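Before any comments, here is the structure.
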Amino acid sequence: MTEHPPLAARTPPAKARTPLVRLLFGDVLSALLTLLALGLILALLPALNWAVLDAVWSTEDPDTCRQGGACWAYVQDKARLILFGIYPPEQHWRPLLVIGLILAMVLASLSPRLWGARLLAIWGLSLLAMLGLMRGGFLGLPLVPTSQWGGLPVTLLLAVLSLGIGFPFAVALALGRRSALPVPRLVSVGLIELVRGLPLVGVLFVASILLPLLLPEGWTIDKLGRTLAALTVFAAAYLAEVIRGGLQGVDKGQGEAAQALGIPFWKTIWHIILPQAIQKVIPPLTNTAIIMVKNTSLVMIVGVFDMLGAGRAAAADPAWPAPYTETYLFVALMYFLICIAISLYSRWLEQTVKNRSHS
């Protein structure tokens, strides 16, 4: 048998490049979309002129902002009120430290290699430290009631706590809905469908108004605590359906093999079933997390002073010429930065998990 010498390595063919003109105007649809995009850009030029060219970036006289451009000097002047609400100004270092702790814990939790019981314990201790730091009343820190909490720390704490506390309940509800036992299945289905059938505004009003009436005489729950309970129940119901979808995507043979090997049920769920289920539903889990971050803006209607409520209160200052647009743009930018960070992280995590599973 004749042996043939190996072929010499050759460079791959050059990738065909479509000319820009053909890409933009190659057919009728492309031409229409290009013209529509150009028209949209032209329509936004006055807004760009208002936001940048004619804007007032710094001034000590509010009347300067009556010239017609955006008044970013107002945002600079009211940044503390928007970010920290009516928290005592001399104690603003405490909510600022809480924001820093949340960001530090989030950054420390990005790598899947660090996930585990130790990280959960650190998160629990950190959250207790954050709540204690916000409230005070020990180690010489003045006591600040939750009625004076506000701004970005409240938004972040409500989002992190509702998702963190709601996730274990969501897992239990998802497992209960798939259970062969009638009682756990009926209870899980009833709770999930009841909460998912109500708007979050209704759940917040139930927690804020009806829940105190149902408690025994002399018992009371703080308004922020009731709001957190409503958000947690709402998050748990929606997360449960997402996790149930992931559980349905796991082959039944996984659980049967674990049962045949004598692995306990809880270890099968924790170490075999749940990791595969969560891996399959990272995008919808991210979507639910983003929705819950944005839903924290609704707590304003039950009297909780979140970032949106703080911005609205700041915009009511009569010394400034109706800076509502600048206020809501600044608050929207804060929400956008939080949500886009969650979205980018989920894409990275999904790709990392996919590469690890293929290797």
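Keep in mind the model is a prediction, meaning the values are calculated, not measured. Heads up: numbering here begins at 1 and tracks the sequence.
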For the CD atom of Gln91 and the CE atom of Met134, what is their distance to the nearest 0.5 Å? 11.0 Å
For Arg244, check salt bridge (Lys or Arg N to Asp or Glu O under 4.0 Å) against everything at least two apart and list the hits. Glu241
What's the separation between atom CD1 in Ile342 and atom CG in Leu285, rounded to the nearest 0.5 Å? 12.0 Å
How many angstroms lie between atom CD1 of Ile243 and atom CZ of Arg177, to the nearest 0.5 angstrom? 13.0 Å
Check residues 71-82 and write down every donor-acceptor pair under 3.5 Å in which the side-chain atom is one partner and the other belongs to a residue at least two apart or another chain.
unit_1, atom_1, unit_2, atom_2, d
Trp72, NE1, Ala51, O, 2.8
Tyr74, OH, Ala314, O, 3.3
Tyr74, OH, Ala315, N, 3.1
Tyr74, OH, Thr327, OG1, 3.0
Lys78, NZ, Asp317, OD2, 2.7
Arg80, NH1, His92, ND1, 2.8

Leu33: hydrophobic cluster co-members (side-chain, 4.5 Å): Leu29
Name each donor-acceptor pair under 3.5 Å that joins a side chain in residues 203-215 to protein atoms two or more places apart or in another chain, with its distance.
none

Examine distances only and state if a side-chain atom of Arg196 and a backbone atom of Ala237 form a donor-acceptor pair shorter than 3.5 Å. no
Using atom types as modelled and distance alone, determine if a side-chain donor or acceptor of Thr227 lies under 3.5 Å from a backbone N or O of Lys223. yes
Would you check, one step at a time, whether the test side-chain hydrogen bond (donor to acceptor under 3.5 Å, both in side chains) holds for Asp222 with Thr146? CA-CA 8 Å; Asp222 186 81; Thr146 56; 2.6 Å; yes
Sequence neighbours excluded, the answer for ring pair (Phe, Tyr, Trp, His ring centres under 6.0 Å) partners of Tyr345 is Trp348
How close do Ala174 and Ala240 get, counting heavy atoms only, and between which atoms? CB-O, 3.5 Å
Not counting sequence neighbours, list each pair that qualifies as a salt bridge (charged side-chain N to carboxylate O under 4.0 Å, His left out) and has a residue in residues 272-289. none
Could you measure the distance from the CZ atom of Arg185 to the CZ atom of Arg178? Nearest 0.5 Å is fine. 12.0 Å
Quick check on the hydrophobic clustering: are Phe84 and Leu103 connected, directly or via other members, by side-chain heavy-atom contacts under 4.5 Å? yes
Please write out which residues are connected to Leu53 in a hydrophobic cluster, directly or through intermediates, given that two of Ile, Leu, Val, Met, Phe, Trp, Tyr count as joined at side-chain heavy-atom separations below 4.5 angstrom. Leu42, Leu45, Leu48, Val52
What pair of heavy atoms forms the shortest contact from Ser297 to Asp306, and how long is it? CA-OD2, 3.3 Å
Hydrophobic cluster mates of Phe305, side-chain heavy atoms under 4.5 angstrom, ILVMFWY only, any path? Ile86
Exam field: side chain Thr155 to backbone Met307, donor-acceptor pair closer than 3.5 Å: yes
Would a distance-only check, ignoring hydrogens and angles, find a side-chain to backbone donor-acceptor pair under 3.5 Å from Thr34 to Ser30? yes
Kindly compute the distance separating CG (Leu200) from CE (Met292), expressed to the nearest 0.5 Å. 6.5 Å
Expected list for residues 266-277: side-chain donor-acceptor pairs under 3.5 angstrom, two or more places apart:
unit_1, atom_1, unit_2, atom_2, d
Thr268, OG1, Pro264, O, 3.0
Gln276, NE2, Gln254, OE1, 3.2
Gln276, NE2, Ile272, O, 2.9

How long is the gap from CG on Leu349 to OG on Ser111, to the nearest 0.5 Å? 9.5 Å
Could you pull out all donor-acceptor pairs under 3.5 Å where a side-chain atom in residues 116-132 meets a protein atom, sequence neighbours excluded?
unit_1, atom_1, unit_2, atom_2, d
Trp123, NE1, Ser109, OG, 2.7
Ser126, OG, Ile122, O, 2.7

Using a 4.5 Å side-chain heavy-atom cut-off and chaining through intermediate ILVMFWY residues, the residues clustered with Val187 come out as Leu173, Val183, Leu191, Ile192
All pairs passing ring pair (Phe, Tyr, Trp, His ring centres under 6.0 Å) where residues 228-248 contributes a residue, at least two apart: Phe234-Tyr238
Any side-chain heavy-atom pair of Arg135 and Val144 under 4.5 Å: no
